[in-house]
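Here is how names work: the chains are called A, B, and so on, in the same order as the sequence lines, proteins then strands, and each is numbered from 1.
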Amino acid sequence: MNLPNGKKNKSGGFQTGADVLEDLSIRGFEIASYLLEWRKISKLKSTYSDSLMLHINNVTGRVHTSFNLAGTSTGRLSSSDPNLQNIPIRDTEGKKIREAFIAKEGAKLLSLDYNQIELRLLAHIADVKGLKNAFKNNIDIHSSTASQIFKVNLNDVDALLRRKAKAINFGIIYGISAFGLSKNLKITRTEAQEFIDNYFKQFPEIRDYMNTTVETAKTTGFVTTLFNRKIHLPNIGTKGPLGGFAERAAINAPIQGSASDIIKRAMIKIHEFLKSSELDADLLLQVHDELIFETNNETIDEIKKRASEIMEQATLPYLDLNVPLKVEGGHGINWSVAH
DNA sequence: AGTGCAGGCCAC
DNA sequence: AAACGTGGCCTGCACT
């Protein structure tokens, strides 16, 4: 179509992913933006609108998922038939899907989610002073990070600096590379490498954590969560791309895995609490760092208070974190409002 | 008609 | 050699 040539995929065709189309669109090729729009709408229609209808149970009138308790390497749950852990939330069209999930008459949906649990656990596990201080003082973590790595006052952190710091914070949890960060932020690899160097200069404990974690994994073949659950890494230490994937998984697994241990402990404690109380509430869903309840209108505030407290204290008595866990909540007539 | 893979894209 | 972690579902296509 006389479009500029892009990269080939392994089948020999041109890549047409969203990042490629976005670039073409910016460069004035209108067809790319139309295709992006069509892809977005058809994704919502086929995967969510059409499919969820077919999953409505004709006895209960509800959609019921299946949770797989042993389907991930890190200890997370997974959800299927339908997957209710990837319901859209980000853009306005997607939010309309969430609005379709409504509470029964006389009740509301209550969503309680852990604020930045993975970065908090990284701060604890790697004993990162710069991160721990920010969390203890309740400062927005991405702004705080931007302030520290770009050497500006907290008040002078603008949206762009915060966005960059946020991308780095996420990248760190995943086992960052200059290549990945540059692609994500649409900057050069040199710039990305400078960001990463600055980051490690401000938070040297994180570099130490990454190095020792990968070394341990190479020696033992596994890493562990804060609750001593093992995660095996059969490809660690091998040559080639698989070895690289295993190293990044080794860095990520203790963080993601510990977070999943914690929310599972919270779910058990909340179940026991609800069973022993007279409160009218049901735990409907878990979405990795979030629990969604359906609660009687009169008991929302009580459930919110008690369940949040259980979630925040869920590591006890086995483990006392040196960073506070924080739970935020919202409620409403549908899932979009609740979140 | 069923199976499997690749590419793409939704969530945390 | 690939290039940021964990998943599941959809379409299109090749294959049996």
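Within the hydrophobic cluster formed by Ile, Leu, Val, Met, Phe, Trp and Tyr side chains joined at under 4.5 Å, directly or through other members, A:Leu154 is accompanied by A:Ile139. Grouped by direct or indirect side-chain proximity (heavy atoms under 4.5 Å, Ile/Leu/Val/Met/Phe/Trp/Tyr only), A:Val223 sits with A:Ile231, A:Leu233, A:Ile236.
Atom OG of A:Ser49 is separated from atom CG of A:Leu54 by 11.0 Å, given to the nearest 0.5 angstrom. Taken to the nearest 0.5 Å, the CD atom of A:Glu118 stands 9.0 Å off from the OG atom of A:Ser260.
Across residues 32-63 of chain A, A:Arg39, A:Lys43, A:Tyr48 each have a non-hydrogen atom less than 4.0 Å from an atom of DNA chain B (numbered order). Within residues 85-96 of chain A, the residues that have a heavy atom under 4.0 Å from DNA chain B are, in order of number, A:Gln85, A:Asn86, A:Ile87, A:Pro88, A:Ile89, A:Arg90. At a non-hydrogen distance threshold of 4.0 Å, nothing from residues 118-128 of chain A comes into contact with DNA chain B.
The separation between A:Phe14 atom CZ and C:dG12 atom P is 21 Å, rounded to whole Å. Summarising the geometry, the separation between CD1 on A:Ile173 and P on B:dC12 is reported as 14 Å, rounded to the nearest angstrom. Between A:Ile168 atom CD1 and C:dG5 atom P the separation is 17 Å, expressed in whole Å. Across the protein-nucleic acid pair, A:Lys183 atom NZ and C:dA2 atom P stand 13 Å apart, rounded to whole Å. Distance A:Ile231 CD1 to C:dG5 P: 15 Å, rounded to the nearest Å. For the pair A:Glu247 CD and C:dG5 C1', the interatomic distance rounds to 14 Å; values are reported in whole Å. When the P atom of B:dC12 is taken as reference, atom CD1 of A:Ile263 falls 12 Å away, rounded to whole Å. Summarising the geometry, the separation between CG on A:Leu21 and P on B:dG7 is reported as 15 Å, rounded to the nearest angstrom.
Spacing between C:dA2 and B:dG7 at atom P, rounded to whole Å, works out to 13 Å. C:dA3 and B:dA6 have their P atoms separated by 14 Å, given to the nearest Å.
Sorted by first and then second residue, the side chain to side chain donor-acceptor pair (under 3.5 Å) pairs with a member in residues 187-199 of chain A read A:Asn169-A:Tyr199, A:Thr188-A:Glu191, A:Gln193-A:Asp197; sequence neighbours excluded.
With DNA chain C read from its 5' end, the first of the two nearest nucleotides for A:Ala178 and A:Thr72 is the one closest to A:Ala178.
Considering only residues two or more places apart in sequence or on other chains, A:Tyr318 meets the ring-ring contact (aromatic ring centres under 6.0 Å, His included) condition with A:Phe227. For A:Lys230, there are no side-chain hydrogen bond (donor to acceptor under 3.5 Å, both in side chains) partners two or more places apart in sequence or in a different chain. Listed by chain and number, the residues in a side-chain hydrogen bond (donor to acceptor under 3.5 Å, both in side chains) with A:Lys183 amount to none (sequence neighbours excluded). Every residue meeting the salt bridge (Lys or Arg N to Asp or Glu O under 4.0 Å) condition with A:Arg162, not counting sequence neighbours, appears here in chain and number order: A:Asp140. Residues passing the salt bridge (Lys or Arg N to Asp or Glu O under 4.0 Å) test with A:Arg98, sequence neighbours excluded: none.
Within 4.0 Å of A:Ser79, counting heavy atoms only, lie sugar-phosphate atoms of the nucleic acid but no base atom. Among the atoms of the strands shown, none is found under 4.0 Å from any heavy atom of A:Phe170. Residue A:Gly171 is classed as a base contact, given a heavy-atom separation below 4.0 Å to a base. Across all strands shown, A:Asn184 has heavy atoms under 4.0 Å from base atoms, whether or not it also approaches the sugar-phosphate.
Listed nucleotides B:dA11, B:dG8, C:dG7 differ in distance to A:Thr16; the shortest reach to its side chain belongs to B:dG8. For A:Asp289, counting side-chain heavy atoms from C-beta on, the closest listed nucleotide (C:dG7, B:dC12, C:dA3) is B:dC12. When the nucleotides B:dC12, C:dG8, C:dT6 are ranked by their closest atom to the side chain of A:Asn252, C:dT6 comes out on top.
In A:Lys45, the NZ atom is not crowded: 12 or fewer heavy atoms of neighbouring residues, nucleotides or ligands sit closer than 6.0 Å.
Residue A:Thr74 places no side-chain N or O under 4.0 Å from the OP1 or OP2 atom of C:dT6. Look at A:Arg76 and you won't find any side-chain N or O under 4.0 angstrom from OP1 or OP2 of C:dG7.
Between A:Asp127 and A:Lys132, at least one side-chain nitrogen of the basic residue sits less than 4.0 Å from a carboxylate oxygen of the acidic one, meeting the salt-bridge criterion. Checked for salt-bridge contact, A:Lys326 and A:Glu328 meet the test: a charged N lies under 4.0 Å from a carboxylate O.
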Between protein and nucleotides 1-4 of chain B, what N or O pairs are separated by less than 3.5 Å?
none

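What you find for A:His331 and A:Val337 is that their closest heavy atoms are O-CG1, 4.0 Å. A:Pro82 and A:Thr65 get closest at one heavy-atom pair: O-OG1, 2.7 Å.
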